[in-house]
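Throughout, protein chains are lettered first and strands after them, A, B, ... in sequence-line order, and every chain is numbered starting at 1. Source: prediction; values computed, not measured.
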Protein chains: 2
Amino acid sequence: MPSRTVSIKPYALFFQALANQTRMQLLHLLSEKGGMSVSEICSELGLEQTHVSHNLKCLTFCGLVTPSREGKSRIYSINEQTVLPLLKVVDNHLRNYASNLFTCDVLER
Amino acid sequence: MPSRTVSIKPYALFFQALANQTRMQLLHLLSEKGGMSVSEICSELGLEQTHVSHNLKCLTFCGLVTPSREGKSRIYSINEQTVLPLLKVVDNHLRNYASNLFTCDVLER
DNA sequence: CTGTCATATGACAAGGGTGTCATATTAATC
DNA sequence: GATTAATATGACACCCTTGTCATATGACAG
């Protein structure tokens with residue numbers, strides 16, 4: 001029996017939000033360019049509006065981005081407190097321990 | 001056009017490795033108890049051997065754990081350089097920005 | 001080199017996530 | 001309040017991941 005039982009599901013759910021190319025694109029874009037509206041994001045990445053909205057909702061639900069009204073549009077900004085250190089750790093990891101991930105399409109198992 | 005085009009896929013793949021309850025269990029267990037053999041992990045978590053092996057391979061592929069021979073068994077240890085800071089960031093995030101993840105089964109979108 | 005323990009691999013059915021289509025909501029303007 | 005711009009929501013088919021079963025590989029002992 002484990003000494004302390006941590007609730008695992010929230011962690012998996014959190015990472016699931018990041019385990020998707022579209023959502024990673026969104027985070028990278030917003031961390032570079034700051035707050036953007038949905039339509040700006042769409043034209044910048046060449047993606048459909050509904051596609052972007054769905055994925056922004058997922059990121060919002062996980063507290064990774066936050067929307068704010070501005071006229072008719074909504075400006076989405078990243079949670080810098082989390083996203084910046086997170087990407088920094090992962091950058092470092094990919095470079096040092098997982099360079100193979102750059103040349104594969106699927107995870108081995 | 002984005003000023004610098006980052007390769008997004010590796011990031012998504014990396015997080016995909018973490019987006020799974022079993023694999024999160026493995027990482028938490030190994031980060032608490034240090035190196036363990038497959039059978040030790042199995043009995044500790046009450047999981048099937050093949051199930052554990054499959055998921056360890058996935059984590060190994062991503063550089064999150066490393067195996068080393070010890071007689072007939074293999075001892076798996078986590079990559080502390082990555083896993084510990086990563087879990088720290090996520091712990092903090094879940095507490096401050098995503099407490100709702102503790103009471104849900106699926107991601108909203 | 002045979003038997004056995006420990007772990008890895010392959011294949012497959014079931015379930016869940018993904019993007020897209022159609023449509024609803026919300027806000028501003030006239 | 002009708003219209004239009006901006007975004008959100010719902011539903012659904014496809015695909016990929018998941019866990020499990022059966023089996024293979026590897027290492028040590030005798």
Heavy-atom pair of closest approach, residues [X] and [Y]:
| X | Y | answer |
| --- | --- | --- |
| B/Val89 | A/Pro85 | CG2-CB, 4.2 Å |
| A/Asn100 | B/Phe61 | ND2-O, 2.9 Å |
| B/Val52 | B/Val38 | CG1-CG1, 4.1 Å |
| A/Phe15 | B/Ala19 | C-CB, 3.8 Å |
| B/Leu56 | B/Val65 | O-CG2, 4.0 Å |

Tell me, with the steps shown, if B/Glu44 and B/Lys33 meet salt bridge (charged side-chain N to carboxylate O under 4.0 Å, His left out). CA-CA 11 Å; B/Glu44 182 80 16; B/Lys33 308 224 169 176; 3.0 Å; yes
Per the under-4.0 Å heavy-atom filter, residues of residues 61-73 of chain B near DNA chain D come out as B/Arg69, B/Gly71, B/Lys72
Contact check, residues 100-109 of chain A vs DNA chain D, heavy-atom distance under 4.0 Å, returns A/Val106, A/Arg109
Hey, does A/Thr50 reach any base, or is it just sugar-phosphate, or nothing, if we go heavy atoms under 4.0 Å? base
Could you tell me whether A/Glu48 contacts a base, only the sugar-phosphate backbone, or nothing, with contacts defined as non-hydrogen atoms closer than 4.0 Å? sugar-phosphate
Just the rounded figure in Å: distance from [atom2] of [N] to [atom1] of [X].
| X | N | atom1 | atom2 | answer |
| --- | --- | --- | --- | --- |
| B/Leu47 | D/dT18 | CG | P | 14 Å |
| A/Tyr76 | D/dA6 | OH | P | 15 Å |
| B/Asn55 | D/dG19 | CG | C1' | 9 Å |
| A/His54 | D/dA13 | NE2 | P | 15 Å |
| A/Arg74 | D/dT7 | CZ | C1' | 7 Å |
| A/Gln16 | D/dT18 | CD | C1' | 12 Å |

Determine whether [X] and [Y] make a side-chain contact, defined as any pair of heavy atoms from C-beta on separated by less than 4.5 Å.
| X | Y | value |
| --- | --- | --- |
| B/Tyr11 | A/Leu101 | no |
| A/Thr82 | B/Asn96 | no |
| A/Val90 | B/Leu86 | yes |
| A/Leu18 | A/Arg23 | no |

Where does the chain A footprint on DNA chain C start and end, counting 5' to 3' with a 4.0 Å heavy-atom cut-off? C/dA11 to C/dA28
Which label fits B/Phe14 and A/His93: parallel for a plane angle under 30°, tilted from 30 to 60°, or perpendicular past 60°? tilted
